[in-house]
Amino acid sequence: MSKRNDDKAKHDHPHDEISHSASLSYYEIMETAVRELLIERQLIGPGEIRRQIEVLDSRNPALGAKVVAHAWLNPDFKERLLKNGRSGCEELGISFYDDTQLIVLENTPEVHNLIVCTLCSCYPRPVLGLPPDWYKLKPFRARAIYEPRAVLAEFGTIIPDDVEIRVSDSTAVIRYLVLPMRPAGTEKFTEEQLASLVTRDSMIGVIPANNPSEKSPK
């Protein structure tokens, strides 16, 4: 008899159904207690948390890409966006569900912007959705401050020595969005085509916007 059959013979008796029995963590207990207290005090409704989660799930980098592409095509909008990022986004129907301010930083041939949050993972979620895992890692949060050029090189972004790198540290009330440089050869691109070149990472500042394919847009 094989070892597998021997094991089966030794366990030829019923078992209790496998179930998850791990105890709740401290933070899970606190979250439940605070949520129940807020509902009991009628500060929030039972469905409010669910609705907020649905709002968070509806946000993704396509919203930020829409903002960037619109700025590339409309100088007046770009000027307003750089002056007040939040109101600029709201012009395009992008709502903010918190009290954070948004500062949009423009990359130029002379200046490259990089966004980080050294304390935790503050991030422009209303326009980009959830942050990538690497953005929350302590090595990135620390090294982006003291050796940003080396960090960018690890993403494949080589910044010339004569280009200034500015690192902006997000806070609980102030978030940043990078307006990457418009790629060359996109003069005939539509707004939708331009938006397809804008990635999440380019709006954090770790890479430039994608270069267009050699094929001309239809």
*Please answer whether the main-chain N or O of Ile207 pairs with a side-chain N or O of Ser202 as donor and acceptor at a distance below 3.5 Å.*
no
*Taking it one step at a time, do Thr190 and Gln193 satisfy side chain to side chain donor-acceptor pair (under 3.5 Å)?*
CA-CA 5 Å; Thr190 65; Gln193 290 168 328; 3.3 Å; yes
Is there side-chain contact between [X] and [Y], with heavy atoms separated by less than 4.5 Å?
X	Y	value
Leu63	Leu128	no
Tyr176	Val104	no
Asp99	Val173	no
Leu177	Leu102	yes
Arg149	Asp161	yes
Glu191	Leu194	no

*Parallel, tilted or perpendicular: ring planes of Phe140 versus Phe155, cut at 30 and 60 degrees*: perpendicular
*Residues Glu36 and Arg41 bridged, charged N to O under 4.0 Å*: no
*Same hydrophobic cluster for Val151 and Trp134, using side-chain heavy-atom links shorter than 4.5 Å among ILVMFWY?*
yes
*Any chain of hydrophobic side-chain contacts (each under 4.5 Å) joining Met181 to Ile103?*
no
*side-chain contact (heavy atoms from CB on, under 4.5 Å) partner of Leu105, the single match among Asn113, Leu82, Val111*: Asn113
*asked:* salt bridge (Lys or Arg N to Asp or Glu O under 4.0 Å) for Glu91 and Arg86? Distances and angles first, verdict last.
replied: CA-CA 9 Å; Glu91 282 188 40; Arg86 176 167 176 153; over 6 Å; no
Do [X] and [Y] have side-chain atoms, one donor and one acceptor, less than 3.5 Å apart?
X	Y	result
Thr199	Asp201	no
Ser87	Glu90	no
Glu164	His112	no

_Other residues, nucleotides and ligands only: do more than 12 of their heavy atoms fall within 6.0 Å of CD on Glu192?_
no
How many angstroms lie between [atom1] in [X] and [atom2] in [Y], if you round to the nearest 0.5 Å?
X	Y	atom1	atom2	result
Phe77	Leu92	CZ	CG	4.0 Å
Arg125	Asp98	CZ	CG	10.0 Å
Cys120	Arg141	SG	CZ	7.0 Å
Ile145	Asp169	CD1	CG	5.0 Å
Tyr123	Arg175	OH	CZ	11.0 Å
Thr186	Trp72	OG1	CH2	7.0 Å

*Test salt bridge (Lys or Arg N to Asp or Glu O under 4.0 Å) applied to Lys78 and Glu106, step by step*: CA-CA 10 Å; Lys78 175 182 170 182; Glu106 182 182 14; 2.5 Å; yes
